[in-house]
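Single-structure report; data block below.
Positions are given from 1, in the same order as the sequence printed here.
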Amino acid sequence: MASTTPQQDKKQPEILNWASKDGEFRRQQSSFRDQIVDEPGAKFAPEPNRYHLYVSLACPWAHRTLIVRELKGLQDLISVSVVDYLFLDKGWKFSTSEECPGAIPDTVNNAAYMRDLYFKVEPNYSGRFTVPVLWDKKLNTLVNNESSEIIRMLNTAFDKLLPDDKKNINYYPENLRAEIDELNEWVYDTVNNGVYKSGFATSQQAYENNVHPLFKSLDRIEGILSKSDFLVANTFTEADIRLFTTIVRFDPVYHGHFKCNAKSIEKDYPHILKWTRRIYQMPGVAGTVNLEHIKKHYYMSHRQINPTQVVPIGNGPDLSLPIN
C-alpha cells in the first residue's frame, strides 16, 4: 500500500505531543464506531474469516481484544496482525517477526504503518492512528477502533459460529450490566486512563490531580477483591478483563515510567495481585501477555519521558506463581 502524502502528513497533529497546554493529557475519542450484529441485512454481519484485528501487544486497550478473542475461541474466525512495539514519528509500524519477534505483518492490506489504513478509509483523517482496529476484509474498510465496543462484539456477535461451550460464555451478562457499567466508568477514568493522565502530565499540578485519584481507586479495588474473587458479583466479566490489562503493566511500566510510585501491586495490594494471577493463569491468557513488547514500547517510544530509551530489567511480580 502506498504511504501517506505530504498533505496528509501536514494535517496530522504532532503525534508524540501527548499533553495539552495546561499539562493535562486528554484522550482522543475513537471515531470509527460501526457494529457487527447478527441481524438480517446487517452491513457488518458475523461471518468466518471476514474480519481482521490489528493490535499491539504493548497496548492495554488492544490487549483487551486479544484476551476476549482467545477466551471466546475466535482465533480461527478472526485473523490478527501485530505491530512493532516501537512507536515513533509515524506511529505504529508493521514489521516482520525477524525484525521484531512477536510482530505479525499486515497480510490483509500490506500496509507499512497503521496510519496507511486510516488514510485508506478516510483520506482527510486528522486524528491519532490508534489500535485496536477491527477491519472488514469483505468490504475493505475499518469497522471500529474503540476497544470497549470491539470486546462486546467479540463477546456475543459470533456466537452462532461457535461451539456451545464458547457460545455460553458471556462477559457482559444482562443481569450484571448496570453494575459492570458503573464500575467500568470510574475504573476507566481513574485507573485505565489515570495512569496515562499521570504519566503524560507536563506540570506538577496536572500530575497530582490524577495520581492521587489513581491510588484512591486502587485502594477501593483492593477492598472489593478482599471479599470477592472478581470485581462484579464474584463473576469473571469484562470489568476484570478491562482492568487486568492495566494492572499487568503497572509494576513493570507505570510505577516507574509514569511516576505512579506511591505503592506497587506486588508489595501493597495482595488481593489485586492474587486476582491478577487468577486471570493470568486462565487457559490462553498468559499467551497474550508479552512483557518484552510492553516494556520496550513504553520506555523506548516515549522519548519525551525517557530520552535515553534505556529499558529497566524488572518485570514486576511473577504471575505464574501459585495462588494462595
Just by modelled atom types, is the His302 backbone N or O under 3.5 Å from a matching donor or acceptor in the Asn306 side chain?
no

Would you say the side chains of Asn49 and Lys137 form a donor-acceptor pair under 3.5 Å?
yes

Check ring-ring contact (aromatic ring centres under 6.0 Å, His included) between Phe236 and all other residues, then give those that pass, not counting sequence neighbours.
Tyr171, Phe230

Considering residues at least two apart in sequence or located in another chain, which fulfil the salt bridge (Lys or Arg N to Asp or Glu O under 4.0 Å) criterion with Arg50?
Glu47, Asp136

Please report the closest heavy-atom contact between Ser198 and Leu214, naming both atoms and the distance.
OG-CD2, 4.4 Å

Carboxylate-amine/guanidinium contact Arg152 Glu149, below 4.0 Å:
no

Considering all heavy atoms of both residues, which atom of Gly284 and which atom of Thr288 are nearest to each other, and what is their separation?
O-CG2, 3.6 Å

For Lys227, give me all partners under salt bridge (Lys or Arg N to Asp or Glu O under 4.0 Å), at least two apart in sequence or on another chain.
none

Stepwise, does the side chain to side chain donor-acceptor pair (under 3.5 Å) test hold for Asp181 with Tyr172?
CA-CA 9 Å; Asp181 289 345; Tyr172 190 54; 2.8 Å; yes

Would you call the rings of Phe200 and Phe258 parallel, tilted or perpendicular, where under 30° means parallel and over 60° means perpendicular?
perpendicular

By salt bridge (Lys or Arg N to Asp or Glu O under 4.0 Å), Lys296 pairs with (sequence neighbours left out) Glu292

Are the side chain of Gln309 and the backbone of Arg303 linked by a donor-acceptor contact shorter than 3.5 Å?
no

Is Lys295 reaching over with its side chain to a backbone N or O of Ile313, donor-acceptor style, under 3.5 angstrom?
yes

Applying side chain to side chain donor-acceptor pair (under 3.5 Å) to His297 and not counting sequence neighbours gives Ser301

Under the 3.5 angstrom rule, does the side chain of Tyr207 hit a backbone N or O of Lys259 as a donor-acceptor pair?
yes

Looking at Leu176, is its backbone amide N or carbonyl O close enough to the side chain of Glu179 to form a donor-acceptor pair, meaning the two atoms are under 3.5 Å apart?
no

Hey, would you say the Tyr85 and Tyr298 ring centroids sit under 6.0 Å apart?
no

Evaluate Ile67 against Met282 for side-chain contact (heavy atoms from CB on, under 4.5 Å), listing each step before the verdict.
CA-CA 10 Å; Ile67 290 174; Met282 290 178 175; over 6 Å; no

Heavy-atom side-chain contact between Asp116 and Phe94 under 4.5 Å:
no

Contacts satisfying salt bridge (charged side-chain N to carboxylate O under 4.0 Å, His left out) that involve residues 273-290 (not counting sequence neighbours) are Asp229-Arg278

Please give me the minimum heavy-atom distance between Asn315 and Pro252, naming the atom from each residue.
O-CG, 3.4 Å

Validation: residues 52-60 side-chain donor-acceptor distances under 3.5 Å, sequence neighbours left out:
from: His52; atom 1: ND1; to: Ser79; atom 2: OG; distance (Å): 2.6
from: His52; atom 1: NE2; to: Ser81; atom 2: N; distance (Å): 3.3
from: His52; atom 1: NE2; to: Ser81; atom 2: OG; distance (Å): 2.7
from: Tyr54; atom 1: OH; to: Asp106; atom 2: OD1; distance (Å): 2.6
from: Tyr54; atom 1: OH; to: Asp106; atom 2: OD2; distance (Å): 3.4
from: Tyr54; atom 1: OH; to: Asn109; atom 2: ND2; distance (Å): 2.9
from: Ser56; atom 1: OG; to: Ala58; atom 2: N; distance (Å): 3.0
from: Ser56; atom 1: OG; to: Cys59; atom 2: N; distance (Å): 3.3

Val248 versus Leu319, closest heavy-atom pair with distance:
CG2-CD1, 3.5 Å

Residues in salt bridge (Lys or Arg N to Asp or Glu O under 4.0 Å) contact with Asp165, at least two apart in sequence or another chain
none

Side-chain donor/acceptor of Asp240 to backbone N/O of Thr237, under 3.5 Å:
yes

Heavy-atom nearest pair, Gly223 first then Ser226, reads O-OG, 2.6 Å

Applying side-chain contact (heavy atoms from CB on, under 4.5 Å), can you list everything that pairs with Thr246, at least two apart in sequence or on another chain?
Val191, Asn192, Val195, Tyr254

According to ring-ring contact (aromatic ring centres under 6.0 Å, His included), who are the partners of Tyr118, at least two apart in sequence or on a separate chain?
Phe32, Tyr125, Phe129

Does any part of the side chain of Leu117, heavy atoms only, come nearer than 4.5 Å to the side chain of Val121, both counted from C-beta?
no

Ignoring hydrogens and geometry, is there a side-chain-to-backbone donor-acceptor pair from His271 to Ile224 under 3.5 Å?
no

Below 3.5 Å, can you tabulate the donor-acceptor pairs from side chains in residues 260-268 to any protein atom, sequence neighbours excluded?
from: Lys263; atom 1: NZ; to: Asp219; atom 2: OD1; distance (Å): 3.0
from: Ser264; atom 1: OG; to: Lys267; atom 2: N; distance (Å): 3.1
from: Asp268; atom 1: OD2; to: Ser264; atom 2: N; distance (Å): 2.8

Quick one: closest heavy-atom pair of Ala239 and Val232, and the distance?
CB-CG2, 4.2 Å

Sequence neighbours left out, what pairs pass salt bridge (charged side-chain N to carboxylate O under 4.0 Å, His left out) with at least one residue falling in residues 68-87?
Lys72-Asp159

I'd like to know if the side chain of Asn193 reaches the main chain of Asp189, judged simply by a donor and an acceptor atom lying under 3.5 Å from each other, with no hydrogens or angles considered.
no

What do you reckon, is NZ of Lys216 surrounded by more than 12 foreign heavy atoms closer than 6.0 Å?
no

